[in-house]
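Just below is one structure, and these are the notes that go with it.
Computed from a prediction, not measured in an experiment: that's the story for all the values here. When a ligand or atom number is given, it counts from 1 through the structure's own listing order. The first residue of the sequence shown is numbered 1, and numbering continues consecutively from there.
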Amino acid sequence: MTITLYNTATRRKEAFEPLDPENVRMYVCGPTVYDRAHLGNARPVLVFDVLYRLLRHTYGADHVTYVRNFTDVDDKINATALARKEAGAPGTIEELVRERSDETIGWYHADMDALGTLRPNAEPRATEYIDQMVAMISQLIADDFAYENDGHVLFRVRKYAEYGALSGRSVDDMIAGARVEVAPYKEDPMDFVLWKPSTDELPGWNSPWGRGRPGWHIECSAMAHDLLGAEFDIHGGGNDLQFPHHENEIAQSRCAGHGFAKVWMHNEMLQVEGKKMSKSLGNFFTVRDLLEKGVPGEVIRFVMLSTHYRKPMDWTEKKRAEAEKTLMGWLNTLQKHGFSSKMVERLRDMDRWNGDPEFMGALGNDLNTPGALARLHVLSKAHTAEGLAPMAHALDTLGLVSDWDLLDLSPSQNDEMEDWIVVAIDRLLEERSSARAEKNWAEADRLRDVLNVIGVQVTDIGGSATWLPGPDFDPSKLEALL
Ligand code: AMP
Ligand code: ZN
């Protein structure tokens, strides 16, 4: 299957070709952990979760490495820690900062888990990669791409000729746009901070430039390098990070001799009345607010995936209600046909089955999740468990069912099934596949009849076969056959 992805760096959709199909590597900028995630923060998490699932599906679950960081060097975290210290909380400022970060990371995990997102393979914290940052900054200074002044280390933006290429801006436009801060320790107003001094009462680390702390941009460059290598496949984040954060990441990493990311992907913003949802505008509500109001995580996920990731979107009550109705309808249909985790696992394990081609085609086309959901509407019209299997697979691929077992009506039909039954049916199915491969149609038909008598429904898709217990499934008949 071909996956095409829109690459912000080239402004084109490109066929995705991993550097190493055995280890497809993706880095996504994660949250600054000073407070609960708002709904906007959940958008990149969901978008890149769908991409992660698609990559795992395509290259194998063990052949994808997804890294998403936690930014735990931050003024707002420090402020909370300091306030707690002043209020008499025990521990050093570093310990109190750690405590605050642990607390918000715990909330983040709980909220994102509730949305059905898979945890990345690594979730590095900036504070655990200070040595790597110091090493990278030292190298940039040695190669003249950075300079120290008054305890600050700055990156010389004009030394990197391609600066601005990602977001399509020239350095002079950026200065004219006055999005840069003039400061006495800067040679040029465009230069950005790699390291800055820390005050005595705030967290700091020893470095060749005195006690201080890293700038935000160097964190991602150093962590991505350490965990994914000098060159990797995909770098993602919200489009609010394109400039300056991603431009700066690119400049630092390229000047340090790293190839860095090949494909850059950016999700558009979740909006409220046409404005980006953000803490600073105060127009936000948290994921937890919604969950506590009783909106299931799957419904939040469904609404988010109904809009393509490169389009701005609004959260509306109407969308919530429609998504809830559709999803509940689909789950009811599956419930009627007795789908369960074990059955879905079997569908998932069939490596030769790539799912419904139209559904997978939509996902592979730059994550066209609205198209994939439209296809699900069609797939949900089937009337048998066999016919619904592609839909169950599709829902699973989108992560829209967190617990298939909750769908179970009758335990006799599904996971309560004893292992020997599963083994015996699997073996019958294998024998049937071998017979078919040898063009021994008589034997293949005989085995199919045997399976029918037991009440097993066989699904043949793309040269592979799987099975589901049908409504008349009766394992005692299987016992009689053995
Ligand atoms: P932050 O904690 O603000 O650094 O943001 C964490 C992630 O959420 C980044 O990838 C941001 O681009 C993303 N993000 C922040 N606000 C929004 C929003 N309103 N819509 C979509 N993504 C957002
Ligand atoms: Zn980043």
Side-chain angles (χ1 to χ4, degrees), residues 8 26-51 66-77 101 104-105 107-108 111-112 115 117 120 122-126 129 132-133 136 166-167 192 194 214-228 232 234-253 258 260-261 264-287 290 300-301 303-305 307-315:
T8 312
M26 168 162 85
Y27 185 94
V28 174
C29 294
T32 307
V33 285
Y34 67 96
D35 206 350
R36 278 218 184 262
H38 63 62
L39 191 65
N41 297 136
R43 193 170 188 196
V45 183
L46 284 164
V47 165
F48 293 103
D49 181 66
V50 171
L51 179 56
Y66 173 21
V67 177
R68 186 185 62 214
N69 69 293
F70 286 120
T71 296
D72 58 351
V73 179
D74 173 69
D75 287 338
K76 290 183 256 4
I77 305 175
S101 309
T104 41
I105 287 173
W107 293 338
Y108 190 79
D111 295 349
M112 299 308 140
L115 300 183
T117 61
E123 296 181 284
R125 289 181 180 215
Y129 287 79
Q132 289 86 334
M133 296 174 207
M136 207 167 153
L166 178 74
S167 48
F192 62 86
L194 297 172
W216 170 36
H217 318 300
I218 196 73
E219 295 176 6
C220 287
S221 285
M223 290 186 276
H225 179 242
D226 193 81
L227 292 160
L228 297 176
F232 55 94
I234 299 168
H235 192 313
N239 65 355
D240 56 335
L241 302 184
Q242 253 182 69
F243 175 81
H245 184 54
H246 291 163
E247 290 289 0
N248 294 357
E249 282 188 34
I250 294 174
Q252 299 157 165
S253 292
H258 308 159
F260 212 45
W264 283 85
M265 291 178 69
H266 292 98
N267 63 274
E268 251 291 354
M269 293 293 104
L270 182 90
Q271 303 184 332
V272 181
E273 285 156 16
K275 288 208 175 68
K276 171 188 169 185
M277 178 182 278
S278 74
K279 293 249 166 71
S280 51
L281 291 175
N283 59 352
F284 70 94
F285 47 90
T286 65
V287 174
L290 281 180
I300 301 176
R301 190 175 174 97
V303 173
M304 287 280 200
L305 300 186
T307 301
H308 189 254
Y309 77 93
R310 284 193 288 117
K311 293 212 172 84
M313 73 167 286
D314 279 306
W315 174 273

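From the protein, the heavy atom lying nearest to atom 3 (O) of ligand 1 is Asn41 ND2, 4.2 Å. Among protein heavy atoms, atom 18 (C) of ligand 1 sits closest to Met269 SD, 3.4 Å. Nearest to atom 10 (O) of ligand 1 among the protein's heavy atoms is Gly238 N, 3.3 Å. With respect to atom 19 (N) of ligand 1, the closest heavy atom belonging to the protein is Met277 O, 2.8 Å. Remark: minimum distance from atom 2 (O) of ligand 1 to any protein heavy atom is reached at Thr32 N, 3.2 Å. The single protein non-hydrogen atom nearest to atom 23 (C) of ligand 1 is Gly40 O, 3.3 Å, given as residue, atom name and distance.
For ligand 1 and Asn267, the ligand atoms under 4.0 Å from any heavy atom of the residue are 21 (C), 22 (N). Residue Asp240 has at least one heavy-atom neighbour below 4.0 Å for each of these atoms of ligand 1: 11 (C), 12 (O), 15 (C). Per-residue contacts place Cys29 under 4.0 angstrom from the following atoms of ligand 1 (heavy atoms of the residue considered): 10 (O).
Between His225 and His258, the ring planes lie parallel to each other; the angle is under 30°, not in the 30° to 60° tilted range. Classification of the His266-Trp264 ring pair by plane angle, with boundaries at 30° and 60°, yields parallel.
In this structure the side chain of Glu268 never reaches within 4.5 angstrom of the side chain of Leu270, judged on heavy atoms.
Ring centers of Phe70 and Tyr108: under 6.0 Å apart, within the cut-off.
At least one heavy atom of Glu268 sits closer than 4.0 Å to an atom of ligand 1. For the ligand labelled ligand 1, residue Pro44 lies inside the 4.0 Å heavy-atom shell.
For the Zn ion (ligand 2), protein N, O or S atoms under 2.8 Å: 4 in total.
Counting heavy atoms closer than 4.0 Å to ligand 1, residue Leu270 contributes atoms from both its backbone and its side chain.
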